Amino acid sequence: MMLLRGRVMSCGMCGVVRGVRASLSTSTTSITPQVCIIGSGPAGFYAAQHILKNHKTARVDMYERLPVPFGLVRYGVAPDHPEVKNCINTFTQTAAKDRFTFLGNVAVGSDVTLAQLREAYHAAVLAYGAAKDRTLDIPGESLPNVISARRLVGWYNGLPEDANLDVDLGIESVAVIGQGNVAIDVARILLTPVDLLRSVSLCSKTDIPEPVLSRLSESRVHHVSLVGRRGPQHAAFTIKELREMVNLPGCRPHLHPPDYTHLRDLIPELPRPRKRLLELLAKTALDKPDAKLSAAYASATRTWGLCFLRSPVEVMAGPAGEVTGLKLALNRLEGEMGQERAVHTSEMETTECGLVLRSIGYKGVSLDPSLPFDPRTGTIANEDSRVKGHQGLYVSGWIGTGPVGVILSTMTSGFSAGKAVVADIDSGRLDVSHSRDGQECIRDLLVKKGVDVVSFDDWNILERHEESEGMRLGKPREKVTSITSMLDIMHH
Ligand code: FAD
Ligand code: NAP
């Protein structure tokens with residue numbers, strides 16, 4: 001990288017006059033394409049990886065709202081599934097590339113606007129995930145112990161904004177609305193014996209923060225029911241997660257056999273992954289468990305259940321405003337096989353519970369009014385990752401696809417966004433004939449605003465701190481859950 005002698009430019013945003021950055025390739029000079037990525041989850045890191053690997057000179061700057069990287073890999077993936085987080089190793093290798101910079105603790109939309117980034121960079125990749133969740137819009141939804149699964153997940157994963165979540169676990173029965181993998185995750189964490197989450201005997205498996213473990217150890221929860229608006233054949237969770245529930249220590253399934261008898265007729269017609277899932281469901285509900293499971297179930301003190309063709313229409317409260325139960329509409333299914341919709345009948349029933357967890361999907365938000373954002377789906381309209389009507393703007397991951405898909409599918413989306421950026425630079429579709437200032441100009445703006453920008457080295461300092469605290473406690477890490485403390489540790 002060198003400064004082209006004699007060529008200077010002044011930045012329209014901060015007025016600073018700088019030399020033009022350029023890169024040398026053999027005997028000719030060319031402008032360095034400046035790319036920014038917004039969000040440091042899998043969508044951001046996989047897009048960065050693709051761009052850095054497939055373009056020889058492009059620089060990638062990654063802006064992240066939190067002082068720490070990795071999005072839902074750190075703050076969503078269940079703490080008892082640490083192997084899923086191995087992708088962090090690949091992300092860390094990407095972060096070590098010399099054409100990559102991490103700018104943490106910078107919220108795009110408030111600390112810096114999308115328009116400012118677009119002026120400073122040739123291309124911007126929106127990879128900021130789905131920050132909110134869908135709501136039920138029913139009476140009682142704002143009662144104290146009605147909480148989104150998203151926030152409970154944030155709480156047990158140490159997300160700063162949820163570190164002090166007001167959840168009362170001094171109740172016996174929990175209703176989770178929704179039957180996806182997030183619903184299963186929260187049910188499993190609430191039902192797993194806390195000593196297993198601590199796993200002292202197994203050299204500690206989870207990094208659940210100590211204050212959360214302490215609250216879980218006092219939990220009185222002994223039944224969790226997952227409420228689905230459609231039938232068992234429509235359950236959105238996957239077989240590995242169901243198998244874990246079936247085998248969960250200290251816990252047994254409490255399933256209503258008549259809900260499952262029709263499944264065995266359906267199974268032969270289904271594609272393989274679905275077939276295996278429903279076979280396990282039917283077996284668990286209808287067959288006698290083997291001797292080992294029978295013995296485990298006999299001593300179980302906690303239960304989980306699935307309830308189908310039910311939609312909550314009201315959360316009921318007692319005199320002190322405490323959650324006492326759910327009023328459910330009984331549904332029938334309408335529509336073609338495979339695309340059935342749940343329709344309420346006039347029949348209602350009530351079920352008792354003291355905590356309601358809404359797990360009906362995450363939802364993306366708009367960062368800027370100029371974006372072609374669909375508030376219904378929470379996504380930005382795009383074609384092959386290119387944002388419609390906005391040259392040089394791309395989407396990657398959940399903000400483009402919607403809040404579905406595992407890390408592997410997000411990787412495909414990230415690579416697709418990276419591929420679009422590189423193809424557009426190479427084909428000239430993206431104008432890189434004039435140099436852009438990239439992070440230098442943005443850093444000036446952020447300094448003026450008093451934003452404490454965090455680097456990947458700063459994150460490494462925090463990571464080492466968390467690991468050494470974890471070692472003291474016999475666990476992989478003890479997460480720091482306050483942003484102020486994170487910044488203190490990074491800078492001192
Ligand atoms: P995210 O991971 O959410 O990353 C978005 C990033 O953008 C975040 O770091 C966020 O802080 C940042 N950001 C947001 N707004 C701004 C802003 N204004 N400015 C700057 N930065 C911003 N998949 C699996 O394969 N296995 C699992 O076990 C698994 N478990 C999951 C558990 C849960 C609870 C959830 C919700 C998902 C799980 N997934 C799992 C799916 C996986 O997490 C997603 O596929 C993936 O994280 C989506 O990546 P993303 O980068 O689009 O979004
Ligand atoms: P999801 O898989 O889309 O499940 C959402 C659930 O909510 C479905 O059962 C859906 O039922 C239900 N639902 C939606 N709107 C509803 C409403 N208005 N009323 C009642 N129920 C409603 O979403 P998720 O569980 O949030 O997971 C998000 C993604 O992350 C998924 O792709 C998931 O696989 C992935 N993930 C993976 C893992 C893992 O691999 N272990 C763990 C967690 C998450 P309908 O089918 O009727 O719409």
Side-chain angles (χ1 to χ4, degrees), residues 34-53 58-77 84-112 114 117 121 123-131 153-154 157-161 362 364-365 367 380 385 394-401 403 405-407 410-411 413-415 417-418 421 438-439 442-443 446 451-463 466 477 479-480 483 486-487 490:
Q34 300 274 3
V35 181
C36 68
I37 294 181
I38 298 152
S40 70
F45 268 106
Y46 284 123
Q49 181 182 329
H50 189 95
I51 295 166
L52 292 169
K53 186 169 170 212
R59 287 200 57 90
V60 174
D61 297 338
M62 180 177 278
Y63 290 84
E64 166 59 51
R65 148 185 105 81
L66 292 166
V68 294
F70 312 137
L72 284 170
V73 180
R74 178 171 160 102
Y75 288 126
V77 169
V84 176
K85 299 175 194 253
N86 286 345
C87 55
I88 284 178
N89 298 335
T90 310
F91 302 161
T92 302
Q93 283 169 15
T94 297
K97 304 263 185 249
D98 59 4
R99 287 179 286 127
F100 176 93
T101 307
F102 177 75
L103 296 97
N105 201 31
V106 181
V108 176
S110 49
D111 293 332
V112 58
L114 182 60
L117 288 178
Y121 289 88
V125 181
L126 305 168
Y128 62 92
V153 166
N157 273 313
L159 180 66
E161 65 212 42
Y362 283 42
V365 294
L367 258 190
I380 294 168
S385 310
Y394 304 82
V395 284
S396 175
W398 278 16
I399 192 59
T401 60
V406 291
I407 293 169
T410 301
M411 179 179 84
S413 170
F415 286 169
V421 172
Q439 55 168 293
I442 299 299
R443 276 187 191 277
L446 292 170
V451 178
D452 190 353
V453 181
V454 155
S455 69
F456 210 80
D457 285 346
D458 293 333
W459 150 247
N460 285 329
I461 292 171
L462 180 71
E463 191 184 31
E466 291 188 341
R477 70 189 63 74
K479 286 180 180 172
V480 176
I483 290 187
M486 286 178 180
L487 296 175
M490 287 172 171

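Only a predicted model underlies this, so the values are computations on that prediction, with no experimental measurement involved.
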*Under 3.5 Å donor-acceptor, Tyr128 side chain and Gly364 backbone*: no

*Please identify each residue that fulfils ring-ring contact (aromatic ring centres under 6.0 Å, His included) with Tyr46, with sequence neighbours left out.*
Phe91, Phe415

*Determine which pairs satisfy salt bridge (Lys or Arg N to Asp or Glu O under 4.0 Å) with at least one residue from residues 66-75, sequence neighbours left out, and list them in order.*
Arg74-Glu466

*Output all residues satisfying side chain to side chain donor-acceptor pair (under 3.5 Å) with Gln93, sequence neighbours left out; order by chain, then residue number.*
none

*Using a 4.5 Å cut-off on heavy atoms from C-beta on, say whether the side chain of Val153 contacts that of Tyr362.*
yes

*Of the non-hydrogen atoms in Pro67 and Met490, which two are nearest, and what is the gap between them?*
O-CE, 3.3 Å

_Quick one about Asp458 and Ser455 (side-chain donor to acceptor, distance below 3.5 Å, no hydrogens or angles considered), yes or no?_
yes

_Heavy-atom pair with the smallest gap, counting every atom of Gly405 and Thr410_ = O-OG1, 4.3 Å

*asked:* For Phe100, give me all partners under ring-ring contact (aromatic ring centres under 6.0 Å, His included), at least two apart in sequence or on another chain.
replied: Phe45

*Contact check, side chains of Met62 and Pro69, non-hydrogen atoms, under 4.5 Å*: no

*Less than 4.5 Å apart, any side-chain heavy atom of Leu72 and any of Ile407?*
no

*asked:* Quick check: closest heavy atoms across Lys479 and Asn157, and the distance to 0.1 Å?
replied: NZ-O, 2.8 Å

*asked:* Run the side chain to side chain donor-acceptor pair (under 3.5 Å) test against Thr90 and tell me which residues pass, sequence neighbours left out.
replied: none

_Quick check: do Val454 and Glu64 have side-chain heavy atoms less than 4.5 Å from each other?_
no

*Please name all residues satisfying side chain to side chain donor-acceptor pair (under 3.5 Å) with Tyr121, sequence neighbours left out, ordered by chain then number.*
Asp61, Tyr63

*When rounded to the nearest 0.5 angstrom, what distance separates CZ in Arg99 from CD1 in Ile51?*
10.0 Å

*Separation of Asp111 CG from Leu446 CG (nearest 0.5 Å)*: 6.5 Å

*Roughly how far, to the nearest 0.5 Å, is the NE2 atom of His50 from the OG1 atom of Thr94?*
12.0 Å

*Atom CD in Gln34, atom CD in Gln439: separation rounded to 0.5 Å?*
7.5 Å

_Looking at every non-hydrogen atom in both residues, tell me the closest pair between Ser396 and Ala417 and how far apart they are._
CB-CB, 3.7 Å

*Distance-only side-chain donor-acceptor flag, Ser110 / Arg65, under 3.5 Å*: no

*Closest contact, heavy atoms only, Ala130 versus Trp398*: CB-CE3, 4.1 Å

*Taking atom CG of Leu114 and atom CD1 of Ile38, what is their separation to the nearest 0.5 Å?*
5.5 Å

*asked:* If I compare all heavy atoms of Asp452 with all of Asn105, which pair ends up nearest, and what's the gap?
replied: O-ND2, 2.9 Å

_Assess the residue pair Leu159 and Leu66 against the criterion (side chain to side chain contact (heavy atoms under 4.5 Å, CB included)); give the C-alpha distance rounded to whole Å, side-chain angles, the decisive distance to 0.1 Å, and a yes or no._
CA-CA 10 Å; Leu159 180 66; Leu66 292 166; 4.0 Å; yes

*asked:* As an exercise, state the distance from CZ of Phe102 to OG1 of Thr92, rounded to the nearest 0.5 Å.
replied: 10.5 Å

